[in-house]
Amino acid sequence: MLTAFLLTAFKLFLMTLLPRSFFSRSPDAVARELLGKVLVSCIRGQRLAGRIVEVEAYFGKDDPAAHSAAGKTARNAVLFGPPGHAYVYFIYGMHSCVNVSCEPEGQAGCVLIRALEPLSGLDTMARLRGLSPAKPKMLASGPGRLCQALAITRATHNGLDLTDPASDLQIQDDGFRPEKITATPRIGIRKAVENPHRFVIHGNTFVSKAP
DNA sequence: AAGCGGATCGTCT
DNA sequence: GACGATCCGCTTG
């Protein structure tokens, strides 16, 4: 009991918030290095957290599949702002998906977070997902699922600064480093289908789809 | 195990 | 007025 408490305290102590400079780079580089980091959502004082195990890179220039391909609009404006902010969009009439803006201000690259390995707050995640009992792989394996599990919506989270210590949505580093990363084509798009800009932690069972 | 279609609505043409 | 960076349940094999 005491040991568990000390381990938890030590782990929290080791947690660091990723700085804005981390995100002010190419989406490919940010995507790869986001694997293994921890996405944290604080909802009504509770900490819902999961390790990022699957991501996709989208580019501000020369990427027909990106939401920013046709230029800046009210919907995608966050992508053209400073790096390290949440771009949350609503899709198919019922799902939310969350991205992190990358590259310097004015360039619209981003990384779509596609799957988490749940770490804390699993009971609440299951309730938010409408699942009982909680099957861990059903909680946050998929971009729509993870937003539902962490209560992320466009109305509440779009534009949040993920590098702000006071933010209710953060990305933290707990020291975990993936042993091997696999690159595959991106999922669910119809343009630029071939380019391998989807990255997963090799062998992780919480990815949304087998490689 | 894999494939199909319905649900559902904000955004841009 | 069409479509989409999805999910789920149902069907078939």
Between the main-chain N or O of [Y] and the side-chain N or O of [X], is there a donor-acceptor pair closer than 3.5 Å?
{"X": "Gln170(A)", "Y": "Ser41(A)", "answer": "no"}
{"X": "His85(A)", "Y": "Gly159(A)", "answer": "yes"}
{"X": "Ser208(A)", "Y": "Ser141(A)", "answer": "no"}
{"X": "Thr153(A)", "Y": "Thr156(A)", "answer": "yes"}

May I ask you to say what [X] touches in the nucleic acid, namely base, sugar-phosphate or nothing, with a heavy-atom cut-off under 4.0 Å?
{"X": "Arg186(A)", "answer": "nothing"}
{"X": "Gly144(A)", "answer": "sugar-phosphate"}
{"X": "Phe90(A)", "answer": "sugar-phosphate"}

Find which nucleotide of DNA chain C each of Gly142(A) and Arg190(A) is nearest to by heavy atoms, and output the residue with the more 5' nucleotide. Arg190(A)

Using a 4.0 Å cut-off on heavy atoms, which residues in residues 22-34 of chain A reach DNA chain B? List them by number, or say none. none

Report yes or no: is the cationic atom of Arg51(A) (NZ for Lys, CZ for Arg) under 6.0 Å from the centre of the six-membered ring of Phe176(A), at an angle within 45° of the ring normal? yes

Residues in side-chain contact (heavy atoms from CB on, under 4.5 Å) with Ile181(A), at least two apart? Arg32(A), Leu35(A), Pro178(A), Phe199(A)

More than 12 non-hydrogen atoms from neighbouring residues, nucleotides or ligands closer than 6.0 Å to CG on Asp123(A), yes or no? no

First and last nucleotide of DNA chain C, 5' to 3', lying under 4.0 Å from heavy atoms of chain A: dG4(C) to dC8(C)

